[in-house]
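Below is one structure; the comments refer to it alone.
Start at 1 with the first residue, then count along the sequence. Side chains included, hydrogens not; waters and symmetry mates left out as well; all remaining heavy atoms used.
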Amino acid sequence: MKHPLDRTDIDNAWCPGCGNFGILKLLEEVLTELECDPKHTVIVSGIGQAAKTPYYIDTHMFCGLHGRALPVSTALKASNPALNVIAEGGDGDMYGEGGNHFIHTIRRNPDIVHIVHNNMVYGLTKGQASPTSQIGFKSSVQVKGVSNEPFNPISVALALRAGFVSRVNIGNQAHAKTVLKEAFLHKGYALVDVFQPCVVFNKINTYKWFNENTYELDSSYEKNDLSSAMKKALENDPIPIGVFYQHTHATFEENIRGEEQDPLATLTHDIKKLQELFDSY
């Protein structure tokens, strides 16, 4: 069924059955249920199949260079704190090409939601291993199987004391929606790492595999305990999903702006003075 936030003037390029469809559906539902105004919402992405998501949802969008969604998102939120800012892309885009930005965005703590489609493979460029591909995964490039240790975004985010660290399985929609809503309501940087299958290029980490190899953190789990969170982040048989850790601290926007300084988006400019400045060159 169509959702009111679906764009109607564009063809969807995803493969039938792709996990990206579930993430798109979930994001539209959460934005609607939280009454986020599309005119005050912007989704920023880089390059990749996952990064096409902003094309299909009727909000503001910015599609930039490979791996560069996070600095753009940080700048947008700093210049206009009234915006709902979402950085979105795949595991290769965010943890590979964008890995350095991932680290330093956590350190800065902008008030944004960071959604990563984690299918453990490069889907757009035909199936190479990604930073999160598991050891032994074979592809047309890694013909003998992956030998590198998979990148663990949860443990990295925890090591930097990110304000909100979570992981969900798109095959478990009800749980995923609950966690994503919490991410939107959190003040500060919020990571939502989403397990989702690539039905064409990853025949190992399927819907069935994710369902059978994950478990929900139970209600007794204390998500304000960093030490416990790190132990959970290192579990991989099975893999925990849910909110690993949450705490609040000053955001990037608060740290760079004094109490009496207005955001850039609200400032007016003296066109005459600007013209005089240009003419002086």
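A continuous path of hydrophobic side-chain contacts links I204 to V121 [ILVMFWY only; heavy atoms under 4.5 Å]. Note on I43: it clusters hydrophobically with L24, by side-chain heavy-atom contacts below 4.5 Å among ILVMFWY residues. Taking hydrophobic clusters as Ile, Leu, Val, Met, Phe, Trp and Tyr residues chained together by side-chain heavy-atom distances below 4.5 Å, M230 shares a cluster with F102. Residue I57 is grouped with residue I170 when hydrophobic side chains (ILVMFWY) are merged at heavy-atom distances under 4.5 angstrom, including chains of intermediate members. Both L180 and L34 are assigned to one and the same hydrophobic cluster, defined by single-linkage of ILVMFWY side chains at heavy-atom distances under 4.5 Å.
Side-chain contact between C63 and P54: present, with at least one pair of heavy atoms (C-beta onward) separated by less than 4.5 Å. Between N118 and R167 the shortest side-chain heavy-atom distance falls below 4.5 Å.
Note that CG of L160 is 9.5 Å distant from OH of Y189, once rounded to the nearest 0.5 Å. Rounded to the nearest 0.5 Å, atoms NE2 (H117) and CD (E88) are 3.5 Å apart. Separation of atoms CG (D9) and OH (Y55) is listed at 13.5 Å; rounding is to 0.5 Å. In this structure, S139 OG and K126 NZ are separated by 13.5 Å, a value rounded to the nearest 0.5 Å. Distance check: F62 CZ to I86 CD1 gives 15.5 Å after rounding to the nearest 0.5 Å. A distance of 4.5 Å separates OG1 of T32 from CG of L5, quoted to the nearest 0.5 Å.
Remark: the backbone N or O of S227 is paired with a side-chain donor or acceptor of D225 at under 3.5 angstrom. A donor-acceptor contact shorter than 3.5 Å is absent between the side chain of N255 and the backbone of F252. In this structure, the side chain of D93 engages the main chain of G67 through a donor-acceptor pair within 3.5 Å. Looking at E253, its side chain never comes within 3.5 Å of a backbone N or O of P81 through a donor-acceptor pair. A side-chain donor-acceptor contact under 3.5 Å links K203 to the backbone of V199. Under a 3.5 Å cut-off, the side chain of R68 and the backbone N or O of H66 do form a donor-acceptor pair. Side chain of D218 to main chain of Y221: a donor-acceptor pair is present (N/O by atom type, distance under 3.5 Å, no hydrogens or angles). The backbone N or O of A87 lies less than 3.5 Å from no partner atom in the side chain of S45, so there is not a single donor-acceptor pair. Between the side chain of N211 and the backbone N or O of Y207, at least one donor-acceptor pair lies under 3.5 Å.
Using a 3.5 Å distance cut-off with no hydrogens or angles, the side chains of T251 and D111 do not pair a donor with an acceptor. In summary, the side chains of R161 and Y245 do present a donor paired with an acceptor at a separation below 3.5 Å, with no hydrogens or angles considered. Between the side chains of N119 and N205, no donor-acceptor pair is found at a separation under 3.5 Å.
Using a 4.5 Å cut-off between side-chain heavy atoms of Ile, Leu, Val, Met, Phe, Trp and Tyr, I135 forms no hydrophobic cluster with any other residue. By the 4.5 Å side-chain criterion applied to Ile, Leu, Val, Met, Phe, Trp and Tyr, I47 is assigned to a cluster that also includes L124.
Put simply, the residue from N172, V30, L27 that forms a side-chain contact (heavy atoms from CB on, under 4.5 Å) with K177 is V30. Considering D193, D91, N152 in turn, D91 is the only one that fulfils the side chain to side chain donor-acceptor pair (under 3.5 Å) rule with T132.
A tilted orientation is assigned to the rings of H186 and F164, their planes being inclined by 30° to 60°. Classified by interplanar angle (parallel below 30°, tilted 30° to 60°, perpendicular above 60°), the ring pair Y95/F151 is tilted.
The two residues G46 and A69 come nearest to each other via the heavy atoms N-CB, 4.1 Å.
Surrounding NE2 of H40 are at most 12 heavy atoms belonging to other residues, nucleotides or ligands under 6.0 Å away. Heavy atoms from other residues, nucleotides or ligands lying under 6.0 Å from NZ of K181 number more than 12. Other residues, nucleotides and ligands contribute more than 12 heavy atoms inside 6.0 Å of the CG atom of D270.
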Evaluate the side-chain contact (heavy atoms from CB on, under 4.5 Å) criterion for residues Q196 and I23: first the C-alpha distance (whole Å), next the side-chain angles of each, then the deciding distance (0.1 Å), finally the verdict.
CA-CA 8 Å; Q196 54 106 174; I23 297 174; 3.7 Å; yes
Please test N20 against Y56 for side-chain contact (heavy atoms from CB on, under 4.5 Å), starting from the C-alpha separation and ending with a verdict.
CA-CA 11 Å; N20 290 332; Y56 309 136; over 6 Å; no
For L76 and V44, run side-chain contact (heavy atoms from CB on, under 4.5 Å): C-alpha distance rounded to whole Å, both residues' side-chain angles, the deciding distance at 0.1 Å, then the answer.
CA-CA 9 Å; L76 282 169; V44 185; 3.6 Å; yes
Checking N84 against T59 for the side-chain contact (heavy atoms from CB on, under 4.5 Å) test, could you report, in this order, the C-alpha distance in whole Å, the side-chain angles of both residues, the deciding distance, and whether it holds?
CA-CA 10 Å; N84 304 305; T59 64; over 6 Å; no
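Taking 4.0 Å as the cut-off between side-chain N and carboxylate O, R7 and D58 count as a salt-bridged pair. Ion pairing between E235 and K232 holds under the 4.0 Å rule for side-chain N and carboxylate O.
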